[in-house]
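Notes for the one structure printed next.
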Amino acid sequence: MKLLIIGGVAGGATAAARARRLNEKAEIIVFERGEFISFANCGLPYYIGTSIQNRDDLMVTTPADFRNRYRIDVRTFSEVVAIDRKNKSVEVRNLPDQSVYQETYDKILLSPGASPIRPPIEGVNLKNIFSLRNIPDMDQIKAYVDQDKPSTAVVVGGGFIGLEMAENLVHRGVKTTIVEMLDQVMAPLDREMAAIVHTFLREGGIQLSLGNAVTAFTQNGKQIRVSTRNGTELMADLVILSIGVSPENLLAKQAGLKVGQYGGIAVDETMCTSDPDIYAVGDAVETRDFLTQNPAIIPLAGPANKQARIAADNIMGRKATYPGALGTAVVKIFDKTVASTGQSEKKLQKQNIPYKKSYTFSGSHASYYPGAETMAIKLLFSPGTGRILGAQVVGGKGVDKRIDVLATAIHAGMTVFDLETLELAYAPPYSSAKDPVNVAGFVASNMVKKDVEVIHWHELNALEPKENILIDLRTEEELIREGTIDNALHIPVDELRSRLNDLDREKTYILFCAIGLRGYVAYRILNQNGLKAKNLSGGYSLFSYADML
């Protein structure tokens, strides 16, 4: 067996190591057009921001270490420029001297990754306009920040890398603005959850220009003038392009391999391409969404590593299948955390998949133990069965733990009723006896069982005010401190039973409190006394964030 692996980093290096563990006698060659075979590309912004001090800590392994441990022929600065499927050979260019040679194969694994999108905008190639994808990119940005000490920066794009770069530039003392074409950052999130993230960013000192797009870059002395669609002009010493990535499919297309509808290399559940002797993994492939099994490109390190292991198994004669990706992701924003898994509401709408949604706000641990922080959980689930379809969690401590539990639940096909009974670790410093995941399950289960009827923040404006009466159930102190919704009656929840005779049985009462808990209690009171009511999901907390959209 002679296996050629084209591309290193997460996919190629993982596949090479796995292949060697399965077959000690196979000839394995890894071609990497850069200098580094495997590095922690997710850590690049944090080295620029100096949270990671030692550059070598980003090197997962070196070519020499890889050769010594796995007896793998690692060829850096080597670019595979053509695949001859008929004669089962590849053409390799040695980049230092531009010489070209042929190498035969039995099997190929493609792991070329993805390249940053660099849009055809006027001035996009000016000095001090950077993208961040690899170690050389990181070195250039770090050197510029260290030596030139920029005072202002514009980050174009509000995805994962954009937010991480903005945070780390602020950490270095650089006043930073994010320009994002959408009306929100973090496209995997739904708008109301992104609104909470906007608050985190602004509190950290990052300026946001949302629903806007860059139209041109022009040199203005030592600075760059960033012109935008809404007419605003921003001056910056440094620009980071973080618009997204596109799969590296050129080699595959030239070889006649099938490419999917989104431009990724098409693979089956074994990670095999349209050629039975060529496999592909990582950011370059178009795989399947775990829940819908629709085609999807999910350029994340976790899926790339798992795909690589599965591809290596199949190449070496073991049957293994990849079930698809949930797209589980997490990002740090200053001292806050933002995470998502599975389907978002907007994706479900686009695919015409029926769903319900719930919002809960819970403490990261027991409220009586110091340091508890609030997290918001949005849960998406099937109306009939309660099967969990997706989740988004935004807040402080403990967000990462909860999104992992919810991702596991989705992977296992669990329902909101299962979340109610999950036995999760509890001690006051870590959680509550009713973990935030349990609470999300309780609320969603109540909806499926029709123990409560909810109304959502975006539905309030469409209500007929003469038929629907808002009731604020919070205390007087809360109203003074936090505000309320226009035209709402104020009846604290503890006074509600004594004032039932004041309510009109022909009206529907829209109940809200801080987070929805008192609203649920009030709903049960009204419902069992023959009055019509709905509980505002997520309460005034979610409404106040969403109202800023």
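- When atom types are taken as modelled, the side chain of Thr228 and the backbone of Asn212 share no donor-acceptor pair closer than 3.5 angstrom.
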Practice task
Kindly determine whether Ile141 and Ile240 satisfy side-chain contact (heavy atoms from CB on, under 4.5 Å), including the steps that lead there.
Solution key: CA-CA 9 Å; Ile141 299 170; Ile240 303 290; 3.8 Å; yes
Would you give me the side-chain donor-acceptor pairs under 3.5 Å for residues 435-449, sequence neighbours excluded?
from, atom 1, to, atom 2, distance (Å)
Asp435, OD1, Arg402, NE, 3.3
Asp435, OD1, Arg402, NH2, 2.8
Asp435, OD1, Ser431, OG, 2.6
Asp435, OD2, Arg402, NE, 3.3
Asp435, OD2, Val437, N, 2.9
Asn438, OD1, Asp435, N, 3.1
Asn438, ND2, Leu419, O, 2.8
Asn438, ND2, Leu422, O, 3.1
Ser445, OG, Val416, O, 3.3
Ser445, OG, Glu420, OE1, 3.1
Ser445, OG, Gly441, O, 2.7
Asn446, ND2, Phe442, O, 3.3

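- Atom CG of Leu132 is separated from atom CG of Leu44 by 5.0 Å, given to the nearest 0.5 angstrom.
- Paired with Asn87 under the rule side chain to side chain contact (heavy atoms under 4.5 Å, CB included), one option of Asp84, Ile83, Val90 passes, and it is Asp84.
- Put simply, the side chain of Ser131 never gets that close to the backbone of Pro116: no donor and acceptor are under 3.5 Å apart.
- With rounding to the nearest 0.5 angstrom, the NE2 atom of His411 is 12.5 Å from the CG atom of Asp404.
- A distance of 11.0 Å separates CD1 in Ile108 from CD1 in Ile5, rounded to the nearest 0.5 Å.
- Sorted by first and then second residue, the salt bridge (Lys or Arg N to Asp or Glu O under 4.0 Å) pairs involving residues 4-20 (not counting sequence neighbours) are Arg18-Asp313.
- Side chains of Phe217 and Glu122 form no contact here, defined as non-hydrogen atoms less than 4.5 Å apart.
- Checked for salt-bridge contact, Lys258 and Glu286 miss the test: no charged N lies under 4.0 Å from a carboxylate O.
- With hydrogens and angles disregarded, a donor-acceptor distance shorter than 3.5 Å links the side chain of Thr385 to the backbone of Arg387.
- By the 30° and 60° cut-offs, the orientation of the rings of His456 relative to His458 is parallel.
- Residue Tyr359 holds its OH atom at 15.0 Å from CD1 of Ile515, rounded to the nearest 0.5 Å.
- Without hydrogens or angle criteria, Thr273 side chain to Ile278 main chain gives a donor-acceptor distance under 3.5 Å.
- In this structure, Gln261 places its CD atom where more than 12 heavy-atom neighbours from other residues, nucleotides or ligands lie under 6.0 Å away.
- Using a 4.5 Å heavy-atom cutoff, the side chains of Ile135 and Met59 are in contact.
- A donor-acceptor pair is defined here as one N or O able to donate and one able to accept, closer than 3.5 Å; such a pair exists between the side chain of Asn314 and the backbone of Ile310.
- Environment of CZ in Arg318: sparse, with no more than 12 heavy atoms of neighbouring residues, nucleotides or ligands closer than 6.0 Å.
- In this structure, Glu79 contributes its side chain and Val81 its backbone to no donor-acceptor pair below 3.5 Å.
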Practice task
Take Asp106 and Leu3 through the test side-chain contact (heavy atoms from CB on, under 4.5 Å) and record every step on the way to the result.
Solution key: CA-CA 6 Å; Asp106 294 312; Leu3 170 62; over 6 Å; no
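- Of all heavy-atom pairs between Met193 and Ala376, the closest is CE-O, 3.7 Å.
- In this structure, the side chains of Val155 and Leu169 come closer than 4.5 Å at one or more pairs of heavy atoms.
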Practice task
Check the pair Thr270, Lys319 against side-chain contact (heavy atoms from CB on, under 4.5 Å), reporting the backbone distance first and the verdict last.
Solution key: CA-CA 8 Å; Thr270 69; Lys319 181 68 174 176; 3.6 Å; yes
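- Smallest separation of non-hydrogen atoms from Ala407 and Leu326: O-CD1, 3.6 Å.
- Between the side chain of Glu192 and the backbone N or O of Asp547 there is no donor-acceptor pair closer than 3.5 Å.
- Nearest approach of Met375 to Ser364, heavy atoms of both residues: CE-CA, 3.8 Å.
- Counting heavy atoms from C-beta on, the side chains of Val124 and Arg118 come closer than 4.5 Å.
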Practice task
Evaluate side-chain contact (heavy atoms from CB on, under 4.5 Å) for Tyr355 paired with Gln349, printing each intermediate quantity in order.
Solution key: CA-CA 9 Å; Tyr355 69 92; Gln349 289 175 343; 3.0 Å; yes
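- Of the possible donor and acceptor atoms, one in the side chain of Asn305 sits under 3.5 Å from a partner among the backbone N and O of Ala301.
- Annotation: salt bridge (charged side-chain N to carboxylate O under 4.0 Å, His left out) contacts of Glu164 (sequence neighbours excluded): none.
- The line from OH of Tyr262 to CD1 of Ile298 is 11.0 Å long, rounded to the nearest 0.5 Å.
- In this structure, Ser51 contributes its side chain and Gly49 its backbone to no donor-acceptor pair below 3.5 Å.
- Residues Ser246 and Ser115 meet the side-chain proximity criterion, which asks for heavy atoms closer than 4.5 Å.
- Looking at heavy atoms from C-beta onward, Ser242 lies in side-chain contact with Ile161 at the 4.5 angstrom threshold.
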Show the atom names and distances, to 0.1 Å, of all donor-acceptor pairs under 3.5 Å that link a side chain in residues 331-341 to residues at least two apart or in another chain.
from, atom 1, to, atom 2, distance (Å)
Lys332, NZ, Glu167, OE2, 2.3
Lys332, NZ, Phe334, O, 3.0
Thr341, OG1, Thr328, OG1, 2.7

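- Residue pairs satisfying the salt bridge (Lys or Arg N to Asp or Glu O under 4.0 Å) criterion with at least one member in residues 260-281, sequence neighbours excluded, are listed as follows: Arg85-Asp275, Lys88-Asp277, Lys107-Asp277.
- Contact annotation: the side chain of Leu110 never approaches that of Tyr279 to less than 4.5 Å [non-hydrogen atoms, C-beta and beyond].
- Taking the six-membered ring for Trp and the full ring otherwise, Tyr545 and His198 have centroids separated by 6.0 Å or more.
- With hydrogens and angles ignored, the 3.5 Å screen pairs no side-chain donor or acceptor of Glu459 with any backbone N or O of Ile455.
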Run the side-chain donor-acceptor check on residues 179-191: report pairs under 3.5 Å with partners two or more places apart or on a different chain.
from, atom 1, to, atom 2, distance (Å)
Glu180, OE1, Gly158, N, 2.7
Glu180, OE2, Leu182, N, 2.9
Asp183, OD2, Arg191, NE, 3.1
Gln184, OE1, Lys346, NZ, 3.4
Gln184, NE2, Met186, O, 2.9
Gln184, NE2, Leu189, O, 2.9
Asp190, OD1, Glu345, N, 3.2
Asp190, OD1, Lys346, N, 3.2
Asp190, OD2, Glu345, N, 2.9
Asp190, OD2, Lys378, NZ, 2.8
Asp190, OD2, Gln392, NE2, 2.9

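- Proximity of Val454 to Ser358: side-chain heavy atoms (C-beta onward) are nowhere separated by under 4.5 Å.
- Other residues, nucleotides and ligands contribute over 12 non-hydrogen atoms within 6.0 Å of the NZ atom of Lys2.
- Other residues, nucleotides and ligands contribute more than 12 heavy atoms inside 6.0 Å of the NZ atom of Lys357.
- Atom OG1 in Thr374 sits 8.5 Å away from atom CZ in Phe361 (nearest 0.5 Å).
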